[in-house]
Amino acid sequence: CCLLLWTAAFAFCATSCVGRSERRGVDTTHLQRVDIAAATTDTLHFGRVRTGEIVERQFVVRNSGSQPVLLLGTDTSCSCLELDYPREPIGAGEERVVTMRFFSSGYTYFVPRAFYVRTSLPLGSKCLFVTASME
């Protein structure tokens, strides 16, 4: 309850980001989109990665819901994945660019990983699968 009030109170901080992230000036038309309000599971592909590389991929998080949503944190089965995400609410119909890092040191093959983004939505967490082809 308090979280929803806090989210609504700070929703004015969120700005619309259709096609371009105004805060960072990033062209998002080519980035993969993930609907944070949908109960589906999306797959993020890192492509070919050499062992030892730290690889970053940006993607767009879209809130298709009718209420602002906060990204609260992440859970993963390994410490090889990290997500930089906005701390301010994402308003209904708005998008934000997020960055995921893959620390590939010690990996000679990569089993797809489940990555969970905790949200303020009733569904709780958004599940993402992350894949990479190791070289």
Side-chain angles (χ1 to χ4, degrees):
C1 177
C2 292
L3 182 59
L4 289 176
L5 291 174
W6 184 86
T7 301
F10 288 96
F12 69 91
C13 294
T15 58
S16 180
C17 298
V18 178
R20 181 168 281 290
S21 174
E22 294 176 18
R23 291 183 46 206
R24 294 187 184 177
V26 176
D27 180 10
T28 62
T29 54
H30 66 286
L31 296 178
Q32 182 177 351
R33 283 174 162 60
V34 170
D35 187 349
I36 202 71
T40 58
T41 299
D42 292 284
T43 301
L44 301 175
H45 304 283
F46 272 90
R48 294 180 127 353
V49 178
R50 287 192 163 164
T51 298
E53 285 184 318
I54 299 173
V55 184
E56 289 188 354
R57 294 287 183 266
Q58 289 185 319
F59 61 97
V60 175
V61 172
R62 177 171 170 66
N63 177 9
S64 66
S66 60
Q67 300 293 320
V69 63
L70 278 173
L71 304 183
L72 302 173
T74 60
D75 295 310
T76 184
S77 58
C78 70
S79 60
C80 63
L81 296 169
E82 177 180 279
L83 187 69
D84 284 338
Y85 54 92
R87 302 302 193 241
E88 69 274 356
I90 302 171
E94 294 183 347
E95 296 181 339
R96 294 290 183 276
V97 175
V98 298
T99 302
M100 182 176 277
R101 276 183 218 67
F102 171 41
F103 301 89
S104 67
S105 183
Y107 287 90
T108 53
Y109 66 93
F110 187 77
V111 176
R113 303 280 186 209
F115 189 89
Y116 297 92
V117 180
R118 292 189 314 274
T119 72
S120 61
L121 296 171
L123 67 97
S125 294
K126 171 72 176 188
C127 181
L128 304 171
F129 281 114
V130 181
T131 66
S133 299
M134 300 304 298
E135 295 183 340

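These numbers come from a predicted model, not from an experiment.
With Thr99 contributing its side chain and Asp84 its backbone, the two residues share no donor-acceptor pair below 3.5 Å. A donor-acceptor contact shorter than 3.5 Å is absent between the side chain of Asn63 and the backbone of Glu94. A distance-only check finds no donor-acceptor pair linking the side chain of Ser104 to the backbone of Ile54 [under 3.5 Å]. Between the side chain of Arg118 and the backbone N or O of Thr74, at least one donor-acceptor pair lies under 3.5 Å. Not one N or O on the side chain of Ser64 forms a donor-acceptor pair closer than 3.5 Å with the backbone of Ala37.
Of all non-hydrogen atoms in Ala132 and Val49, the two that sit nearest each other are CB-CG2, 4.2 Å. Here the closest heavy-atom approach between residue Pro89 and residue Pro68 is recorded as CB-CB, 4.2 Å. When all heavy atoms are compared, the tightest approach of Arg113 to Tyr107 is NH2-CE2, 3.2 Å. Across all non-hydrogen atoms, the minimal contact from Pro86 to Leu71 is CD-CD1, 4.0 Å. Closest approach of Thr51 to Gly106, counting heavy atoms only: CG2-N, 3.9 Å.
By the criterion of side-chain heavy atoms lying less than 4.5 angstrom apart, applied directly or through intervening Ile, Leu, Val, Met, Phe, Trp or Tyr residues, Tyr116 is not grouped with Val61; the two fall into different hydrophobic clusters. Linking ILVMFWY side-chain heavy atoms closer than 4.5 Å, directly or via other members, places Leu81 and Met134 in a single hydrophobic cluster. The hydrophobic cluster containing Leu83 also contains Leu123, counting ILVMFWY residues as joined when their side-chain heavy atoms lie under 4.5 angstrom apart, directly or transitively. No continuous path of ILVMFWY side-chain contacts below 4.5 Å connects Val130 to Phe103, so the two sit in separate hydrophobic clusters.
The only option from Arg96, Glu95, His30 that meets the side chain to side chain contact (heavy atoms under 4.5 Å, CB included) definition with Val60 turns out to be Glu95.
By the 6.0 Å contact criterion, CZ on Arg48 is open, its count of non-hydrogen atoms from other residues, nucleotides or ligands being 12 or less. Atom OH of Tyr85 has more than 12 heavy atoms from other residues, nucleotides or ligands within 6.0 Å.
In this structure, Phe46 and Met100 have side chains that are in contact, with non-hydrogen atoms separated by less than 4.5 Å. Here the side chains of Thr76 and Glu82 are not in contact, with every heavy-atom distance at 4.5 Å or above. The side-chain heavy atoms of Phe102 and Leu44, taken from C-beta on, include no pair separated by under 4.5 Å.
Atom CG of Leu128 is separated from atom OG1 of Thr43 by 8.5 Å, given to the nearest 0.5 angstrom.
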(request) Show your working on side chain to side chain contact (heavy atoms under 4.5 Å, CB included) between Arg33 and Asp42 and close with a plain yes or no. (result) CA-CA 9 Å; Arg33 283 174 162 60; Asp42 292 284; over 6 Å; no
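Between Lys126 and Asp35, none of the side-chain N atoms (NZ, or NE/NH1/NH2) sits under 4.0 Å from a carboxylate O, so this pair counts as no salt bridge.
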